[in-house]
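Being a predicted model, the structure only gives us computed values, none of them experimental.
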2 protein chains.
Amino acid sequence: MDSAVLLDILGNENRRRILRLLSHKPCYVTEISDYLGVSPKAVIDHLRKLEEVGLVESRTDDQRRKYFNISRNLRLEVDVSPYEFDMKSAYPASPSLDVSTCQYLSLNVQYGTQPDEREGDGDPETVSDVEAGEIATLAEELNCLEDLKSELSLAQRWVHGRITNVLDQLSEEVDENGQNRIRAEILAALAAGAETVRDVGREIDAPEHIVERHLASMAERGIVEENSGHWMLSG
Amino acid sequence: MDSAVLLDILGNENRRRILRLLSHKPCYVTEISDYLGVSPKAVIDHLRKLEEVGLVESRTDDQRRKYFNISRNLRLEVDVSPYEFDMKSAYPASPSLDVSTCQYLSLNVQYGTQPDEREGDGDPETVSDVEAGEIATLAEELNCLEDLKSELSLAQRWVHGRITNVLDQLSEEVDENGQNRIRAEILAALAAGAETVRDVGREIDAPEHIVERHLASMAERGIVEENSGHWMLSG
């Protein structure tokens, strides 16, 4: 889903309250309307918008009552700094994704426990010892994953702070009329191995003539060097 | 900053475009208005809202022209799933934070390079070899941090997928009328070491009488056990 569409949807307090309610349990319109203190008509209108973007879906139960529930897993991240306004939304990565191939990151968790497909037997109202053991294992895994989620969040906040810090330092050296972000990105692209104006432009998603102008100006100051169309960092 | 306030602010396309523009360079009202194709009056209105929440600030230059720039570093995360609607905003963590104490996470990066405080000497228009070397080092660090940021994002999407997966499995066992999220949270709290109704209620931020009701009902089914006021997972 497009981040802009998602932000438009989430920019309304009542839609956020509806989503929070539905994340606890599926609800029908009157329930939502009573809980929010908002007219059923307004609730229906919000639900329609949430359905249109695919965040919510409905099903009708045996008593022909229509229940709404959240139908989608997704994650939105927005970073704001003097150098950056970045928004990104993404579906969850597959649980079978191999996170252990990350270059800068190791997770100290067990990967890819598979659900046990065995059916429960006997009385559905009570669980067997094996099932109780499975539930305890899942509860421990959930607890560990939630801790990991907090740690990843903290690490991301740390990276965000460090990036701003590095950009502050870089901009002291390479700034020209506040165009520091693009210059820092150009230098980072060179550090990552981009060599030609075209490579750099593709890497940072900027027009080639703008990249060229900044490279030329930074070359005059001895920050970068060119050798027959191949650019590199000086020093 | 409150996540709800931030989402209200970001739920407007023109305010997002203003932030994106200001992340490239500080701008004055006419510039923004020309770029967006929106009246100066509307731009001033958006800027006022952005200033009120502290996202944007202005300064006046020598020609008495008022420039606006982004004044804050922050990060917003929203997770949506059938079990969850979680939004969180946070300032960047301090670069000196010790991320190496994380339990489930290791980062393979250098920690805490300090900026060199030495003043540049001689011609301010060109950089010395030492300065060029420092710029190259910073550019490499920026490049590495941006890769790490992508990896952390990917890891978080993976965790998000795994949590939903575990909750899917748990809810098959412990669900009662769609109240699966709170039951899963109660079980995770027990797995994390909470023992009393009060501990669990505090951990998951729920009223004690509700926690008590779910615990009693799960005890009947043999999922949890009580021993003189101390609860634990069965199995």
Exercise for the section: Please look at R75(B) and chain A and tell me whether the side chain, the backbone, both or neither of the residue comes under 4.5 angstrom of a heavy atom of that chain. Expected result: both

Problem - Segment of L138(B) engaging chain A (4.5 angstrom heavy-atom cut-off) - result: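 Looking at L138(B), backbone and side chain both touch chain A.
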
For chain A, which of [options] has the most heavy-atom pairs under 4.5 Å?
options                   : result
K88(B), E77(B), E151(B)   : E151(B)
I9(B), N73(B), L233(B)    : N73(B)
V224(B), I135(B), D168(B) : I135(B)

What pair of heavy atoms forms the shortest contact from [X] to [Y], and how long is it?
X       : Y       : answer
V78(A)  : L10(B)  : CG1-CD1, 4.0 Å
N12(B)  : D8(A)   : N-OD1, 4.4 Å
A188(B) : E146(A) : CB-OE1, 4.5 Å
G222(A) : A132(B) : O-CB, 3.9 Å
A4(A)   : E13(B)  : CB-OE1, 4.2 Å

Exercise for the section: Would you indicate whether D205(B), at its atom CG, is surrounded by more than 12 heavy atoms from other residues, nucleotides or ligands within a distance under 6.0 Å? Expected result: no

Problem - Neighbour count >12 (heavy atoms, 6.0 Å) for atom CG, D129(A) - result: no

Rounded distance (nearest 0.5 Å) linking atom [atom1] of [X] with atom [atom2] of [Y]:
X       : Y       : atom1 : atom2 : result
R15(B)  : F85(A)  : CZ    : CZ    : 11.0 Å
L154(A) : L152(B) : CG    : CG    : 10.5 Å
H24(A)  : E84(B)  : NE2   : CD    : 10.5 Å
E131(A) : S234(B) : CD    : OG    : 12.0 Å
N165(A) : E141(B) : CG    : CD    : 8.0 Å
I70(A)  : Y83(B)  : CD1   : OH    : 11.0 Å

Any side-chain heavy atom of [X] sitting closer than 4.5 Å to one from [Y]?
X       : Y       : answer
V80(A)  : R72(B)  : no
L148(A) : W158(B) : yes
E134(B) : Q169(A) : no
L142(B) : L187(A) : no

Quick check for you: among [options], which has the greatest number of heavy-atom pairs under 4.5 Å with chain B?
options                           : answer
Q156(A), H160(A), M87(A)          : Q156(A)
L6(A), V159(A), L74(A)            : L74(A)
A192(A), A189(A), G133(A)         : A192(A)
D147(A), L21(A), L22(A)           : D147(A)
S153(A), S150(A), S71(A), A136(A) : S153(A)

Handout entry: Test: K149(A) and D86(B) ion pair at under 4.0 Å
Key = yes

Does any backbone or side-chain atom of [X] lie under 4.5 Å from a heavy atom of chain B? Answer side chain, backbone, both or neither.
X       : result
M232(A) : neither
S89(A)  : neither
L55(A)  : side chain
T164(A) : side chain
D79(A)  : both

Problem - Expected output: side-chain R157(A) to main-chain Y91(B) donor-acceptor under 3.5 Å - result: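 Looks like yes, one N/O pair under 3.5 Å.
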
